[in-house]
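Scroll down for the structure; my scribbles are underneath it.
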Amino acid sequence: MDCELRFPTMVRYPEPEVFARSVRGAHIVDARRRGKYIFLGLEGGATIVVHLGMSGQLRLVDPQTPFESHTHVVFGLDDGRQLRYRDPRRFGRLLYGTEPELIAMRALPDLGPEPIDPAFGAGDLYRRIHHRRAPLKALLLDQAAVAGIGNIYADESLYRARLRPDRRGNTVSKNAAVRLHQALRESLELGIANRGASVDTYRDAWGEIGGQQEQLLVYGRAGQPCFNCGRPLSLVRIAGRSTVFCRRCQH
DNA sequence: TTAAATTCCTGTAAGC
DNA sequence: TGCTTACAGGAATTTA
């Protein structure tokens, strides 16, 4: 594999020159995900870690493909294709290292459990939120509490669970935690089945848009009727994020 | 320890 | 038409 850093500051760890030198000649042997992080496993145990941020895209293309604007990193793969990292808003980041090293260097944060992990139960979720005074919306966005939930799936899950986004974690009953646990799984699994929500610029590795934006129940629907009761959906700001919910259906 | 506010960044859309 | 302004959001960092 070859590596060209066209915008070196996308690399957060280690120094960009070290990143490029380390990656050149390495071979990718697997790809996996943890929370919102993508791990490209390399021979020998190190990994390339990619976080797409808001507008990041990884694209697998033929080298003849014209360069799109904001293409910051190009990996030349051994089979002749290129893996291009593109990110107009540059909120994303790339890292290189073994997982223990990255955690020790605080380049990777502590991540909570995966909502879709079969080992993650409603009791686990309850234990993680029932002692917190922050609003549920903020807790779902906290990657140390639960990994992988962003603004879209936080709103969708709270609506499915019929819980107000400004409800404090410590006011949630075990029963409500069961509903939220189920709702998180449903929202994420539906999003995965529909190959992602291309509300904004999201594209998969082949440039294809997802379909989940057509299925959203509340996100982006402020002022439009609730699918359950018909009342216009409310828009508020919680944890610095726009938040859409139904005042009649969510408690 | 936890919660809230601030910051980064650019494309897009609304408003004048 | 063209300019200015507000807004979108993940998470590290700072402040309370």
Side-chain angles (χ1 to χ4, degrees), chain A residues 5-14 16 33-39 49-58 67-73 85-95 97 102-112 114-115 126-158 164-172 184 187-188 191 196-203 207 209-210 212-213 216 218-224 233-245:
Chain A
L5 298 179
R6 297 158 55 102
F7 198 99
T9 54
M10 294 313 304
V11 175
R12 300 303 169 85
Y13 184 91
R33 177 198 63 81
R34 174 85 173 94
K36 299 175 186 173
Y37 291 84
I38 297 166
F39 289 78
V49 183
V50 182
H51 193 304
L52 300 176
M54 273 299 297
S55 56
Q57 299 176 359
L58 275 177
F67 269 85
E68 292 188 90
S69 56
H70 309 292
T71 299
H72 303 315
V73 181
Y85 180 75
R86 169 171 192 265
D87 188 358
R89 279 176 242 184
R90 306 211 297 272
F91 268 28
R93 60 203 54 211
L94 283 80
L95 312 113
L102 292 171
I103 290 169
M105 296 308 294
R106 306 216 159 199
L108 274 181
D110 273 332
L111 292 176
E114 299 285 333
Y126 179 75
R127 277 188 287 283
R128 284 173 174 273
I129 62 177
H130 87 281
H131 60 98
R132 309 262 317 247
R133 278 168 306 197
L136 288 177
K137 174 67 180 272
L139 295 178
L140 290 182
L141 293 177
D142 179 359
Q143 303 300 299
V146 180
I149 306 293
N151 206 33
I152 294 174
Y153 293 99
D155 279 10
E156 295 294 299
S157 300
L158 288 165
R164 282 178 65 109
D166 56 356
R167 266 280 288 277
R168 306 273 156 179
N170 59 358
T171 70
V172 169
L184 286 166
S187 305
L188 288 173
S198 296
V199 157
D200 198 353
T201 57
Y202 174 74
R203 298 291 185 276
I209 67 170
Q212 181 61 17
Q213 66 282 0
L216 297 176
V218 287
Y219 180 89
R221 297 194 60 247
Q224 297 176 49
L233 295 170
S234 298
L235 174 64
V236 294
R237 223 169 162 76
I238 301 175
R241 299 287 165 255
S242 65
T243 301
V244 183
F245 73 107

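Numbers restart at 1 for each chain; the letters A, B, ... are given by sequence-line order, proteins then strands.
Residue contacts for Arg12(A): at a heavy-atom cut-off of 4.0 Å it reaches no nucleic acid atom on any strand shown. In this structure, Arg106(A) reaches neither bases nor backbone, as no heavy-atom distance under 4.0 Å exists between it and the strands shown. Residue contacts for Phe7(A): at a heavy-atom cut-off of 4.0 Å it reaches no nucleic acid atom on any strand shown. Ser242(A) comes within contact range of the sugar-phosphate backbone alone, with a heavy-atom separation under 4.0 Å but no base atom that close.
Residues Leu108(A) and Tyr37(A) are in side-chain contact: their nearest non-hydrogen atoms beyond the backbone lie under 4.5 Å apart. Side-chain atoms of His70(A) and Gln57(A), non-hydrogen and from C-beta on, never get closer than 4.5 Å to each other.
The backbone N or O of Gly112(A) lies less than 3.5 Å from no partner atom in the side chain of Gln143(A), so there is not a single donor-acceptor pair. Asp155(A) places a side-chain N or O within 3.5 Å of a backbone atom of Val244(A) that can act as its donor or acceptor partner. A distance-only check finds no donor-acceptor pair linking the side chain of Glu156(A) to the backbone of Leu216(A) [under 3.5 Å]. A donor-acceptor pair is defined here as one N or O able to donate and one able to accept, closer than 3.5 Å; such a pair exists between the side chain of Arg6(A) and the backbone of Thr71(A).
At whole-Å resolution of the value, CG in Leu141(A) and P in dA8(C) are 14 Å apart.
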All N/O contacts under 3.5 Å from nucleotides 8-11 of chain B to the protein, with atom names and distances to one decimal?
| unit_1 | atom_1 | unit_2 | atom_2 | d |
| --- | --- | --- | --- | --- |
| dC9(B) | O3' | Arg90(A) | NH2 | 3.3 |
| dT10(B) | OP1 | Arg90(A) | NH1 | 2.7 |
| dT10(B) | OP1 | Arg90(A) | NH2 | 3.2 |
| dG11(B) | OP1 | His70(A) | NE2 | 2.6 |

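Looking at residues 145-157 of chain A, you'll see that no heavy atom sits under 4.0 Å from any atom of DNA chain B.
Shown here for Leu184(A) and Ser157(A), the closest heavy-atom pair between the two residues is CD2-OG, 3.4 Å.
Between Asp87(A) and the options His72(A), Arg93(A), His51(A), a side chain to side chain contact (heavy atoms under 4.5 Å, CB included) holds for only His72(A).
Along DNA chain B, the nucleotide nearest Gly240(A) and the nucleotide nearest Asp142(A) are compared for position; the residue whose nucleotide lies closer to the 5' end is Asp142(A).
In the set dA4(B), dG9(C), dA3(B), the nucleotide with an atom closest to the side chain of Tyr219(A) is dG9(C).
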